[in-house]
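Down below is the structure, laid out as structure tokens.
The basis for the numbers below is simple: all heavy atoms, side chains too, and nothing from hydrogens, waters or symmetry mates. This one's a predicted model, so the numbers in the text were calculated from it and none came from an experiment. As the structure lists them, so they are numbered: ligands from 1, and atoms in each ligand from 1.
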Amino acid sequence: MGLIRRLDPVVIHKIAAGEVIERPASVVKELVENSLDAKATKIEVYTYNGGIDKIIVKDNGEGILKEDLPLTIEKHTTSKIYSLSDLESLTSFGFRGEALHSISAVSLLEIQTKHISETIGTHMIAREGNILSLKPVSCLTGTSISVIDLFFSTPARKKFLKKPAFEDQKIFREIMKFTLSHPHVEFQYFRDDKPIMSLPSMNFYDLTKRIELLLGKGFADKLLPVFYEKEKIKVQGWIGKANLQNSLSEYQFVFVNQRAVEIKNLSSIIKKAYGPLLPTESKPIYFLFFEIPPFLIDVNVHPTKKEIRIQNEQEFYTFTIDAIKRTLLPNVPLNLDSSPKFTEKNFGTSHSSQIQPMIFSEAKTFYMEKTKNLEIPKQHQPEFPERILGVIFGTYILAASQNELFFIDQHTAHERINYEKKRKQILKNIHQKQILLYPIHFRLTNEEKELMKEFEEELQQLGFSWEFFSDNTLVLREIPDFLELEEEKEQFIQIIKNLSLGYNKIELYDSFIANKACKASIRKNDPISLEAISEMLMKLYQCEVPSRCPHGRPTIIRIDKSEIDRWFYRKETY
Ligand code: ADP
Ligand code: MG
């Protein structure tokens with residue numbers, strides 16, 4: 001006999017009616033909940049076009065019995081509660097028995113599953129609540145559910161959906177909550193076939209690693225661990241350190257008994273607990289995991305509401321304030337940490353580490369040896385120096401040819417080389433992207449956001465992909481590979497501004513590469529070895545425009561031998 005029963009009519013009555021499926025994120029939520037209920041240890045989510053075209057949730061849970069499969073899409077069918085009293089507990093996620101029913105009513109639903117007790121799986125296709133096909137299939141234990149063409153049968157509902165990017169953000173947030181409440185479960189999330197999350201199973205106490213993978217590197221440094229227990233209630237998790245500036249409520253997560261919930265007033269209670277340790281305009285950051293006996297909780301059973309109420313509200317608030325204070329107080333810094341941070345400069349070359357005194361004769365043979373097989377564009381040949389004479393004033397490379405003396409600025413020359421190299425790479429492969437392992441997040445001004453909207457397409461073409469966490473907080477997940485890591489924010493904003501100034505693609509690249517080239521280049525007074533100089537000169541002379549840096553400054557000044565002769569009133573024939 002299967003596990004699924006029809007609910008008692010009393011229960012049905014008790015369950016507030018309403019729409020379960022509001023948008024693609026609600027589908028994802030319901031399906032992942034079911035996977036977790038089925039004790040999955042690995043869950044994969046795939047969405048296409050904001051989940052509107054297709055959502056797939058695949059798990060390695062216990063699966064569905066062959067005989068139960070057709071029942072899953074009937075109204076008020078569930079294997080999870082058998083009586084009214086169960087409704088009062090929060091131990092099971094899905095308890096309404098109407099998620100799959102509602103989903104199947106508004107989409108093409110495909111389920112492939114194999115129950116752990118069976119040897120062969122079952123595959124079912126349903127549309128608008130009707131089963132179109134039901135047949136055996138060979139597959140592993142677990143369930144894969146595809147929801148195709150969401151709301152195709154309810155165009156009004158479909159119209160109400162926002163742009164796919166917006167729906168994607170909602171989905172992200174929904175999955176993120178599950179990844180925090182279920183650290184042991186491995187999660188993978190692909191959006192339009194691009195990997196967005198790949199989170200291995202971990203311990204609860206390692207959750208900060210997940211937080212960093214989701215919210216950006218360095219985020220965990222802002223957090224303090226919380227642990228507090230009193231009578232029947234326990235809380236663990238992390239809160240933001242004292243004096244943190246944060247204007248976002250997106251970094252507020254509350255879980256009760258492993259379920260993401262909202263608790264009225266909690267944010268302001270926590271803010272109060274910080275007292276003067278939080279700037280007045282800042283919002284607290286928290287990831288709190290409460291364990292509360294179910295009998296102390298009132299669940300609002302309205303299908304889409306996640307808000308719960310705790311009995312003895314005041315006691316609960318006091319408990320929470322105590323937990324926060326006890327966490328903060330031993331950690332209040334006595335004085336502000338203002339020690340400067342030193343960053344190592346990256347010269348972009350491997351040969352700047354040693355100061356090599358120039359020995360001119362040695363330099364000459366060394367250089368000549370290296371240039372023997374060099375291919376130099378014809379137009380540059382007359383200018384090509386043959387001998388390196390040395391470096392003067394820590395900056396200028398002195399070199400000579402048969403008839404000319406050269407002063408070469410080591411910085412601008414290097415800039416030109418880096419610039420052309422980078423430009424070549426980019427023009428060859430214009431849409432190269434890099435996926436950020438640690439997405440970065442930052443706030444845009446309203447004006448920047450407006451501009452961003454205007455140039456959304458261009459930005460995507462350039463290789464950016466992003467989502468908004470709140471109105472103005474942007475999370476960058478992919479950036480074009482010509483962007484400097486660590487400076488994504490500044491550069492992203494620069495790009496928006498340049499787009500609004502009417503830069504075309506090449507100009508845009510140029511402005512960036514020039515800056516990037518500049519930063520990667522050796523500078524005035526940087527020690528530079530003989531080997532590096534010869535390499536640099538060779539590369540410079542292979543450039544298309546060797547005589548100028550990308551910003552227009554000269555790289556080489558040439559003085560003709562005849563000019564020098566004139567200084568000394570010498571005639572060539574002497
Ligand atoms: P509920 O979760 O409230 O029971 P749903 O409509 O979400 O209702 O699911 C109906 C039933 O289908 C569940 O009770 C469960 O027996 C079965 N089911 C759905 N998804 C899965 C899954 N991924 N693995 C195992 N069983 C599932
Ligand atoms: Mg469910």
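Listed by first then second residue, pairs satisfying ring pair (Phe, Tyr, Trp, His ring centres under 6.0 Å) with a partner in residues 255-278 read F255-F289, not counting sequence neighbours. Evaluation of the side-chain hydrogen bond (donor to acceptor under 3.5 Å, both in side chains) test over residues 140-151, restricted to residues two or more places apart or in two chains, returns T113-T143, K114-T141.
Polar contact with ligand 1: present for D59 (N/O pair, distance under 3.5 Å). Of the polar atoms of I145, none of the N or O atoms is found under 3.5 Å from an N or O of ligand 1, judged by distance alone. Between T72 and ligand 1, no pair of N/O atoms sits closer than 3.5 Å. Polar contact check, L31 against ligand 1: no nitrogen or oxygen pair lies under 3.5 Å apart.
Salt bridge absent: K264 and E307 never bring a charged side-chain N and a carboxylate O closer than 4.0 Å.
Ring planes of W238 and F204: tilted class, angle from 30 to 60°. Using cut-offs of 30° and 60° for the angle between ring planes, the F253 and F287 rings count as parallel.
Those atoms of ligand 1 with a heavy atom of A38 less than 4.0 angstrom away are 24 (N), 25 (C).
At a cut-off of 3.5 Å, with distance as the only test, a side-chain donor of Q245 or S282 sits close to an acceptor on the other residue.
When the options D68, N34, I103 are ranked by their closest heavy atom to atom 7 (O) of ligand 1, first place goes to N34. Across the listed options L100, L69, N60, I116, L100 owns the non-hydrogen atom lying nearest to atom 6 (O) of ligand 1. Distances from atom 18 (N) of ligand 1 to the heavy atoms of I43, L71, I64, V32 show the closest one on I64.
At a heavy-atom distance under 4.0 Å, only side-chain atoms of T143, from C-beta outward, approach ligand 1.
When atom types are taken as modelled, the side chain of Q311 and the backbone of F295 share a donor-acceptor pair closer than 3.5 angstrom.
Using a 4.0 Å heavy-atom cutoff, G63 is listed among the residues neighbouring ligand 1.
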